[in-house]
A.B. asks: 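Would you mind keeping the following structure in view while I ask a few things?
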Amino acid sequence: MEKSKKALPIVLASALAATPFVAVPQAYAVEKLDVSADNDGAGKESDYDIKFTLEEDLSSGDTITVDFDSEFDVEDDISKKDIDGIDVKKVEVDGNEVIITVDEDFEEGDKISFTITSGITNPDDKGTYDVSVETENESSDTDEVEIKKSSSSSSSNSKNDYSVTLSSKAAGEKVSLKLGKISLKGSDELETSSTITVTFPEKGMLPSSIDEDDVKVNGSTAKSVSISGSSVDIKIPSGADSDDYITLEFDKSAGIENPSSGDKYVFKVKYDGTTYESDEFEITKNGSSSSSASDSFTVNLSDPGAGARTSYTFDADFGSKELKEDGELILEFPSSDMVPGILTASDFLLNGKSAKKATAVGNRVALVAPTGFKATSKVKVEVTYGAWISNPKTAGSYTLKATVSGRTLESKAFSVGGSSVNPTPTNPTNPTNPVPVPNTGTNNSTATIALTQNALGKQTGVNVAIKGLGVGLQKQRDFIEIVFPVGYKVPAYIAPANISVNGVGANFVAVRGQNVLIYPSQDIPAATSANIVINPAANIVNPAVKNTYSISIFTSEERGLLFARAVGVGMPSPAQSKPVTPTPQQPQQPSATIPANSASFKVNTANFTLHGKTYPLSVAPYIADGNTTMVPAQFFKEALALTTQWNNTSVAVISGTKVVKFTVGSKTAKVGKTEIQLPTPVVLKNGMPMIPIRTVTDNLGYKVGWDAKTSSVYVHK
């Protein structure tokens, strides 16, 4: 029965006529909708690929509605497992509408691509039918789907159309891929700039982007490549124009990764409305190629001994997962007793850069990638010897795990408990906070460093005489570190045969920038000497600029500088430098009998005298602000035998229970808990803090005198 039509009341009509038009809020609709059937045969069940572009953001929990023409048969049991290409919370069916609640966020301009893989049957009659798509925030757009007679279906929808060739069938491995040869149906030929769409079995197989140089169509480099969900759109290059077949090749560098689960899969290639399904191929969890899989990285140890302190080094490839700036890499060691309670980020290197942060919980160490870290799936991890990671205490075979963005890789097994081998340290750290050498009757005040050649720019040998080690060194595990100042040329490799320790060739030599790390072939007990001879054949080259340079000595077992010595290059010894006349506020007294236990020095001369012998200082004493004598912290340790600890930021000088503390750059010091003002700030010269001498001597009970005869300052108890 036809509905009656009634005129509007005259008053209401007049009111509407008199009301000005109000702007209607802008409505947004999905754009560039493309709906295509995997099988366009009448009455056939088909997969449906849906692609469109958002004009408005789509958030997790929002819906996408696909409305099929009433002639389609839409089953009501379609579930989220039947939606491939996007993350889905749930799926509901209302008549011929498939309502998909998404489980991820999308932004305006994003391209949405997914496939309904089950539950849609084509109309029984050939013809053109509408499929509409809308989102919770946008109105619908409609695309037409052409359905043909079942017998003339242009889609093959059959197995064994073409082969799949993978460089490996191991689960989770990054692979190269070849699809084809695919013979095109009917009279189809490839056209330049047309699109071939490859649908991968899983979205996780694809990286975020693929370079066109990594994809070839019939042997020619693709014109462009774009990724949307589990699909890759490839623009056909001119070199493949008019071909009646398709062969697609993806290089390993494209970043394609096998599914993480062992199962059987197929690829789908679509061109000009026809979808071609590949042979079924199988991915194995423990495939024959697993020995070369990216998750079987090799761990290198500097010492494989059970319970030994060691460095760990390995290269891992996380496939489609990338470690990015401020991203987290988690290391899982075999046991928690291997990991110290306190970690230093600089002891962990990611692609050669110190980690931004390092924290430990049990056997897990979380590393944060540093600022400026270039996003990559390939990460070289170096846990340096200075991290104090140790091996398991029980001999056996172990593995290490590494995780990035939820992707966990497990190393090949490595053995612990065998005899030590040549260590391969990667980036040992500089020692910190010094520990004084025990008073054994010999100390490093008499230690020396000498060059065999002091000419500018010439190869030189180096002789280092350590008079006493505070902590002994174990052969093949511990090292002596010689730090050459900027200006010296240190080669990237030095053969162990060119360095000896106590007359025996070194076990191993590592070079890190200006630092040379020497691993002895024999144990060196505490409180004994160590003589290191570096031959000129090691190819260490003197600076090209005339100056005095300070060479520093550390060991892996003592926290802090062991000692440093100044060497002259292209100039006379610093001892020949002309002293300056002291200012009125320097110690001024007539020449007198100097106590036998005095240590003396001259201003602007980089050495001191003790018991009639002269020893070098890393930096010469000098006068600051016209009236304050500044001496290196080294002087208190080596000339006065005071316990002295320093680094680039602070100094502590200790005598019995009294402690004087300084801060580099500050005019305030502490004597015990009492703050005092300094006449001039503590400064850093060539890595050595310079201290006002009277602040130390006056507070620790030392006396300072002036020897006019030799123009020297002397200090005694």
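Since the model is a prediction, treat every value here as computed from it, not as a measurement.
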A.B. asks: State, yes or no, whether a side-chain contact exists between F318 and S405 at a heavy-atom distance under 4.5 Å.
C.D. replies: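 No, too far: nothing below the 4.5 Å cut-off.
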A.B. asks: State whether the side chain of D241 and the backbone N or O of S238 hold a donor-acceptor pair below 3.5 Å, judged by distance alone.
C.D. replies: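 Answer holds: no.
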A.B. asks: Please find the pair of heavy atoms, one from D38 and one from S46, that lie closest to each other, and give the distance.
C.D. replies: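 Taking D38 first and S46 second, the nearest heavy atoms are N-OG, 3.0 Å.
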A.B. asks: In terms of side-chain geometry, is the basic nitrogen of D47 or K268 positioned less than 4.0 Å from the acidic oxygen of its partner?
C.D. replies: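 K268 and D47: salt-bridged.
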A.B. asks: Answer yes or no: is there a side-chain heavy-atom contact under 4.5 Å between Y162 and I246?
C.D. replies: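 Sidechains of I246 and Y162: no contact.
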A.B. asks: Within a strict 4.5 Å, meaning less than it, do heavy atoms of the V102 and I112 side chains meet?
C.D. replies: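 Not touching, per the 4.5 Å side-chain cut-off.
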A.B. asks: Do F250 and S176 have side chains that approach each other closer than 4.5 Å (heavy atoms only, starting at C-beta)?
C.D. replies: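 With C-beta onward as the side chain, the pair stays apart.
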A.B. asks: What distance do L400 atom CG and E410 atom CD have between them, rounded to the nearest 0.5 Å?
C.D. replies: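 Those atoms lie 9.0 Å apart.
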A.B. asks: Test side chain to side chain contact (heavy atoms under 4.5 Å, CB included) on S311 and T384; report intermediate values, then the result.
C.D. replies: CA-CA 5 Å; S311 63; T384 72; 5.5 Å; no
A.B. asks: Can you tell me if D40 uses its side chain to pair, donor with acceptor, with the backbone of I147 under 3.5 Å?
C.D. replies: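 No; zero donor-acceptor contacts below 3.5 Å.
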A.B. asks: Can you list the residues that meet the side chain to side chain donor-acceptor pair (under 3.5 Å) rule with D326, with sequence neighbours excluded?
C.D. replies: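 Once residues adjacent in sequence are excluded, the partners of D326 under the side chain to side chain donor-acceptor pair (under 3.5 Å) criterion are K356.
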A.B. asks: With distance as the sole criterion, is a donor-acceptor pair present between the side chains of T128 and E144 under 3.5 Å?
C.D. replies: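 T128 vs E144: no donor-acceptor pair found between side chains.
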A.B. asks: Hey, which of K321, K174, R407 is the one that makes salt bridge (Lys or Arg N to Asp or Glu O under 4.0 Å) with E257?
C.D. replies: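 Running salt bridge (Lys or Arg N to Asp or Glu O under 4.0 Å) over K321, K174, R407 with E257 returns exactly one hit, R407.
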A.B. asks: Measure the shortest side-chain to side-chain distance between F114 and V88 over non-hydrogen atoms and say whether it is less than 4.5 angstrom.
C.D. replies: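 No, every pair of side-chain atoms sits at 4.5 Å or beyond.
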A.B. asks: Apply side chain to side chain contact (heavy atoms under 4.5 Å, CB included) to D251 and list each qualifying residue two or more places apart in sequence or on a separate chain.
C.D. replies: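 Expected list: D214, K216, S253.
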A.B. asks: Any non-hydrogen side-chain atom of I236 less than 4.5 Å from a side-chain atom of S193?
C.D. replies: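 Answer no - side chains too far apart.
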A.B. asks: Go through N363 and S335 one step at a time and tell me if the side chain to side chain contact (heavy atoms under 4.5 Å, CB included) criterion holds.
C.D. replies: CA-CA 5 Å; N363 66 327; S335 61; 5.6 Å; no
A.B. asks: Evaluate K235 against T195 for side-chain hydrogen bond (donor to acceptor under 3.5 Å, both in side chains), listing each step before the verdict.
C.D. replies: CA-CA 5 Å; K235 292 290 186 184; T195 300; 3.2 Å; yes
A.B. asks: Please report the interatomic distance CZ(F281) to NZ(K169), rounded to the nearest 0.5 Å.
C.D. replies: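 Between atom CZ of F281 and atom NZ of K169 there are 8.5 Å.
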A.B. asks: Determine whether E97 and T65 satisfy the following criterion, side-chain hydrogen bond (donor to acceptor under 3.5 Å, both in side chains), listing intermediate values before the conclusion.
C.D. replies: CA-CA 6 Å; E97 289 184 343; T65 300; 5.6 Å; no
A.B. asks: Return the set of residues passing side chain to side chain contact (heavy atoms under 4.5 Å, CB included) with T101 (not counting sequence neighbours), or none when no residue passes.
C.D. replies: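 Testing T101 for side chain to side chain contact (heavy atoms under 4.5 Å, CB included), a comparison that skips the adjacent residues, returns T63, K89, K90.
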A.B. asks: Between atom CD1 of I99 and atom CG of D94, what is the distance when rounded to the nearest 0.5 Å?
C.D. replies: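 Answer rounded to 0.5 Å: 5.0 Å.
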A.B. asks: Quick one: list whatever passes ring pair (Phe, Tyr, Trp, His ring centres under 6.0 Å) with F333, sequence neighbours left out.
C.D. replies: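 F333: ring pair (Phe, Tyr, Trp, His ring centres under 6.0 Å) contacts with Y312.
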A.B. asks: Measure across Y271 and I196 and return the closest heavy-atom pair with its distance rounded to 0.1 Å.
C.D. replies: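 That would be CD1-CG1, 4.0 Å.
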A.B. asks: So which heavy atom on D87 is nearest to which on E104, and how close?
C.D. replies: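 Scanning both residues, the minimum pair turns out to be N-OE2, 2.8 Å.
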A.B. asks: Is it true that a side-chain atom of T135 and a backbone atom of E138 form a donor plus acceptor pair closer than 3.5 Å?
C.D. replies: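 Checking the backbone N and O of E138 against the side chain of T135, a donor-acceptor pair under 3.5 Å is found.
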A.B. asks: Going by side-chain hydrogen bond (donor to acceptor under 3.5 Å, both in side chains), name the pairs with one or both residues in residues 66-77, residues two or more places apart or in two chains.
C.D. replies: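 Output for this query is empty, none listed.
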A.B. asks: Tell me the closest heavy-atom pair linking K324 and F373, and the distance in Å.
C.D. replies: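 Taking K324 first and F373 second, the nearest heavy atoms are C-CD2, 4.1 Å.
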A.B. asks: Count the heavy atoms belonging to other residues, nucleotides or ligands that lie under 6.0 Å from NZ of K126, then report whether that count exceeds 12.
C.D. replies: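 No, the 6.0 Å shell around NZ holds no more than 12 heavy atoms from other groups.
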A.B. asks: Let me confirm one number: the OH-CG distance from Y398 to L301, rounded to the nearest 0.5 Å.
C.D. replies: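 Taking OH in Y398 and CG in L301, the distance rounds to 12.0 Å.
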A.B. asks: Can a salt bridge be assigned to the pair K178 and E249 using a cut-off of 4.0 Å between side-chain N and carboxylate O?
C.D. replies: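 Looking at K178 and E249, the cut-off is not met.
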A.B. asks: How about F297 and V381: do any of their side-chain heavy atoms sit closer than 4.5 Å?
C.D. replies: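 Heavy-atom side-chain distance check fails, nothing below 4.5 Å.
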A.B. asks: Between atom OG of S167 and atom CD of E173, what is the distance when rounded to the nearest 0.5 Å?
C.D. replies: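 Between atom OG of S167 and atom CD of E173 there are 6.0 Å.
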A.B. asks: Hey, does L190 have a side-chain heavy atom less than 4.5 Å from the side chain of N218?
C.D. replies: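 They are in side-chain contact.
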A.B. asks: Salt bridge or not for K51 and D233, using N-O below 4.0 Å?
C.D. replies: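 Judged by the 4.0 Å cut-off on N to carboxylate O distance, K51 and D233 do form a salt bridge.
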A.B. asks: Please name all residues satisfying side chain to side chain donor-acceptor pair (under 3.5 Å) with T247, sequence neighbours left out, ordered by chain then number.
C.D. replies: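 So T247 forms no side chain to side chain donor-acceptor pair (under 3.5 Å) with any residue.
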A.B. asks: What heavy-atom pair brings A222 and I234 nearest, and what distance separates the two atoms?
C.D. replies: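 A222 and I234 have their closest heavy atoms at CB-CG2, 3.7 Å.
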A.B. asks: Would you please say whether a donor-acceptor pair under 3.5 Å links the side chains of S132 and T142?
C.D. replies: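 There is such a pair between these side chains.
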A.B. asks: Let me see the working for K380 and T313 under side chain to side chain contact (heavy atoms under 4.5 Å, CB included), right down to the final yes or no.
C.D. replies: CA-CA 7 Å; K380 181 174 184 178; T313 308; 4.0 Å; yes
A.B. asks: Nearest heavy-atom pair of V198 and F267: which atoms, and what distance?
C.D. replies: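 It is CG1-CD2, 4.2 Å.
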A.B. asks: With rounding to the nearest 0.5 Å, note down the distance linking CG in L367 to NZ in K357.
C.D. replies: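 So the gap between those two atoms works out to 11.5 Å.
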A.B. asks: Taking it one step at a time, do F68 and I116 satisfy side chain to side chain contact (heavy atoms under 4.5 Å, CB included)?
C.D. replies: CA-CA 12 Å; F68 289 87; I116 303 175; 4.1 Å; yes
A.B. asks: Show your working on side-chain hydrogen bond (donor to acceptor under 3.5 Å, both in side chains) between T115 and D49 and close with a plain yes or no.
C.D. replies: CA-CA 4 Å; T115 302; D49 297 328; 2.7 Å; yes
